[in-house]
Amino acid sequence: MIDVRLLREDPEAVAAALARRGVARAEVERVVALDALARQRLRAQEALRAQVKELSRQVREARGAGDSDAAEALVARSRELGHQEKAAAAEAEDAQGALRDALLLLPNLPSEETPDGDGPEDNVVVRRWWPGMEAGAPPPEYGPHQRVPHWEVGQELGILDLERGARLSGSMFPLYRRAGARLIRALSAYALEHHADAYEEIRPPTLVLTDTMTATGHLPRFADEGYHVERDDLWAIPTAEVPLTSLYRGEILDEADLPMRFCAVTACFRREAGAAGRDTRGLLRTHEFDKVELMAYATAEQAPAVHADITSRAEALLQDLGLHYRVVELCAGDLSGAAARTVDLEVYLPGVDRFWEVSSVSWYRDYQARRANIRYRPAAGGPPVLVHTLNGSALAWSRIWPALVETGRQPDGSVRLPDCLAPYLGGETVIRRP
RNA sequence: GGAGGGAUGGCAGAGCGGACGAUUGCGCGGCUCUUGAAAAGCCGUGGGACUUCGGUUCCCGUGGGUUCGAAUCCCACUCCCUCCGCCA
C-alpha cells in the first residue's frame with residue numbers, strides 16, 4: 001500500500017499520480033477522510049485509556065494508605081471510564097479497519113519512467129532483439145515450416161497432449177510428454193544454474209496463507225484470479241513472487257545484507273477468470289505453468305540497478321535460447337496494482353505470428369514492503385526503513401516452450417533446440433517423430 | 001490424529017495481578033584507562049501509532065475474556081520441541 005503520510009501531507013500529488021492509472025479523485029479524498037477520522041478516534045480512545053491508568057495508580061496508593069473508602073470511590077469512577085474507553089476503542093478500530101481496507105485497494109503510484117496511457121495499446125516498445133542482430137543481421141525471415149502453431153507441432157511429435165491434460169484437470173491444464181516434458185525440466189535446471197552466481201535458490205511452498213497473498217497485492221483485489229482451497233484456507237500461488245516476497249515478512253534486515261536476491265522455480269496457478277475464451281488454443285494461456293522467478297529486496301538507491309539486472313538476466317536467457325523478442329515499457333494504465341514500474345519481455349512465436357509476454361520485471365518501491373512490513377536498519381543509524389521489492393520472471397516456460405518449438409521447427413518436421421540446453425537434454429537437441 | 005512441554009528484546013534467560021516495555025548475562029555501540037589492543041570499569045543499546053514536541057498510547061506467539069489494573073489469571077487458536085500412531 002502507499003504511505004498514508006504522503007496521502008495526508010500531499011493528497012493532490014497522490015490524486016494526480018493515481019489519476020494516471022484511472023483512480024477517481026473522489027476515491028483518494030475518501031481515504032483522506034477515513035484517515036482523519038481514524039486518528040481523531042484514536043486520540044479520543046487514548047485519552048480515556050490514560051485516565052483509567054491514572055486512576056488505577058491512585059487505587060493502589062489509596063489501598064496502600066489504608067483508605068479503602070477512597071479506593072472504592074476510585075474503582076467506581078475507573079470502572080465507568082473503562083466502559084467508555086471500550087466503546088471508544090471499538091469505534092477507533094472500526095475506523096482504522098475501514099482505512100486499511102481502503103488503503104489496500106489503492107494501487108501504487110506509477111514511476112517517472114512509466115509512460116502515460118490507458119491500456120496495452122499505449123505500451124512503448126523500447127527495443128527488439130533477434131539472433132545475429134549485433135552482427136548486422138536483418139530481422140529473421142521465417143519459413144513455412146516455422147509457421148505451424150505449437151499445438152500442431154506438439155501433437156505431431158507426441159510431446160504435448162492437451163486432450164489428456166483436459167481429461168485430468170479440464171481445459172488449459174497442459175500435459176507434456178517425452179522430449180516435451182524433458183524440455184520443461186531442462187529449461188528449469190538451465191535457468192536456475194544461470195542465476196546461481198547471485199541469486200539464492202529457494203524451493204518454496206506452492207500453497208500459501210491469505211496473509212502471504214495479501215503482502216504482494218494479489219489479495220484482496222484479485223481474489224477471483226486465485227485458486228483457493230476452502231477447507232484449509234490456502235491459496236495456490238500465481239507466481240513464486242508471492243512466497244519469495246513474504247520470505248522475510250515482518251523482519252528487520254541489515255543494510256549490509258542488501259540487496260538480497262532469490263531465485264525459485266515453481267508451478268504457477270491462475271484461474272484466468274477475466275480471460276475466459278481468449279487465447280485458449282495451445283499453451284498461450286494456461287491455468288498451470290512452470291516459471292523461474294527472480295526476486296530481490298533492495299534499498300531505494302539499489303533498486304534501479306537491480307531492476308536492470310533482473311531484466312538483463314531474463315534477456316540473456318532469451319538470447320542464449322536464440323529467440324526473437326522485444327522489450328516493452330508498460331504504460332500507467334497497464335501496470336498491475338502493486339507495481340510502480342514494469343518492463344515486459346515479449347517473445348515472438350512464428351507459428352502463431354505474435355509477440356507474447358514471457359517475463360514481467362517489476363519494481364514495487366516500498367508498496368509491497370509496507371504491506372509485508374519488511375524493513376532494514378540503515379548502516380548510518382536511525383529508525384528502520386522499508387525495503388524496496390523487485391521481481392521478474394526468467395522465464396515462463398509455458399510460453400518459451402511454444403517459442404522454441406515453433407522457431408526450431410525444421411523443414412522435415414523435426415525440432416532443433418538451442419545448444420545451451422544440450423547438457424540438460426542428455427545431448428539430444430533434436431526432437432523427432434516417435 | 002493422540003499425550004506432554006514450550007513461545008518474553010539481536011541471542012540466552014528471569015519475571016508472587018499494582019514502580020514491568022520488562023532483572024540479568026552475552027552480543028552490539030560509545031567512553032575511561034592503554035603506545036595500540038586485550039582485560040577491567042562506566043554509559044547506552046527493541047518496534048509501532050498519535051502528538052499542541054511537553055508528552056500520550058500500544059506491542060511479552062495470535063485472538064478473545066476476567067479485573068479499577070494483565071507478561072502474570074481464564075478460554076480458543078497458531079507455531080515449535082519430545083513421545084506414540086500413520087506415512088512419502
Give me the distance, rounded to whole Å, that separates B:rG36 from B:rG27 when you measure between the P atoms they each carry.
23 Å
Run the numbers on A:Val23 and A:Leu106 for side chain to side chain contact (heavy atoms under 4.5 Å, CB included), then give the verdict.
CA-CA 8 Å; A:Val23 176; A:Leu106 278 189; 4.2 Å; yes
Exercise: do A:Thr212 and A:Arg249 side chains pair donor with acceptor under 3.5 Å:
yes
Between B:rU72 and B:rG21, how many Å separate the two P atoms, rounded to a whole number?
13 Å
Expressed in angstrom and rounded to an integer, what is the separation of A:Asp232 atom CG from B:rU78 atom P?
11 Å
For B:rA37, give the paired nucleotide (Watson-Crick: N1-N3 plus N6-O4 or O6-N4; G-U: N1-O2 and O6-N3; both under 3.5 Å), or none.
none
Could you tell me whether A:Ser56 contacts a base, only the sugar-phosphate backbone, or nothing, with contacts defined as non-hydrogen atoms closer than 4.0 Å?
base
Euclidean distance for C1', B:rG85 against B:rG4 (whole angstrom)
15 Å
Can you tell which of A:Arg178, A:Arg167, A:Arg177 makes a side-chain hydrogen bond (donor to acceptor under 3.5 Å, both in side chains) with A:Asp161?
A:Arg177
Output one letter per nucleotide in nucleotides 46-58 of chain B: B when a protein non-hydrogen atom lies under 4.0 Å from the base, S when only the sugar-phosphate is that close, - when neither is.
SSSSSS----BSS
Chi angles and distances behind the salt bridge (Lys or Arg N to Asp or Glu O under 4.0 Å) call for A:Glu27, A:Arg30
CA-CA 5 Å; A:Glu27 181 57 21; A:Arg30 189 176 78 86; 3.4 Å; yes
With sequence neighbours excluded, give me every side-chain hydrogen bond (donor to acceptor under 3.5 Å, both in side chains) pair touching residues 328-341 of chain A.
A:Asn123-A:Asp334, A:Glu329-A:Arg341
Counting the benzene-type ring for Trp, do A:His228 and A:Trp235 have ring centres under 6.0 Å apart?
yes
Pick the closest RNA chain B nucleotide for A:Glu61 and for A:Val75 by heavy atoms, then say which residue is nearer the 5' end.
A:Glu61
Scan every strand shown for a Watson-Crick or G-U wobble partner of B:rG1, both distances under 3.5 Å, and answer none if you come up empty.
B:rC84
Can you tell me the base-pairing partner of B:rU56? Count Watson-Crick or G-U wobble geometry only, both distances below 3.5 Å, and say none if there is no partner.
B:rA49
Considering only the P atoms, how many Å lie between B:rC77 and B:rC68, rounded to the nearest integer?
28 Å
Rounded distance (Å) that lies between atom P of B:rC11 and atom CG of A:Asp254:
12 Å
If the C1' atom of B:rG17 is compared with that of B:rA12, how far apart are they to the nearest Å?
27 Å
Using the P atom as the reference point in each nucleotide, state the distance between B:rG15 and B:rG6 in Å, no decimals.
12 Å
Pick one for B:rG54: is it syn, with its angle within 90° of 0, or anti?
syn
If we call it a pair only when both distances are under 3.5 Å in a Watson-Crick or G-U wobble match, what pairs with B:rC28?
B:rG44
Rounded to the nearest angstrom, tell me the gap between atom CG in A:Asp211 and atom C1' in B:rC79.
14 Å
In whole angstrom, give the distance that lies between atom OH of A:Tyr376 and atom P of B:rG10.
19 Å
In the strands shown, is B:rC73 matched to any nucleotide by a Watson-Crick or G-U wobble pair with both distances under 3.5 Å, and which?
B:rG65
Rounded to whole angstrom units, what separation is found between the CG atom of A:Leu55 and the P atom of B:rU67?
17 Å
What is the distance, rounded to the nearest whole Å, between atom CG of A:Asp69 and atom C1' of B:rC68?
16 Å
Tell me the interatomic distance from A:Arg63, atom CZ, to B:rA19, atom C1', rounded to whole angstroms.
17 Å
In whole Å, measure the gap between the C1' atoms of B:rC26 and B:rG9 for me.
13 Å
Between A:Lys291 and A:Thr266, is any side-chain donor less than 3.5 angstrom from a side-chain acceptor?
no
C1' atoms of B:rG65 and B:rA70, separation to the nearest Å:
11 Å
May I have the step-by-step check of salt bridge (Lys or Arg N to Asp or Glu O under 4.0 Å) for A:Glu72 and A:Arg63, ending in yes or no?
CA-CA 9 Å; A:Glu72 282 316 304; A:Arg63 287 254 170 86; 3.5 Å; yes
Counting only Watson-Crick or G-U wobble pairs whose two distances fall under 3.5 Å, which nucleotide matches B:rC79?
B:rG6
Option from A:Tyr297, A:Tyr376, A:Trp363 for which side-chain contact (heavy atoms from CB on, under 4.5 Å) with A:His388 holds:
A:Trp363
To the nearest Å, how far apart are A:Glu72 CD and B:rG69 P?
13 Å
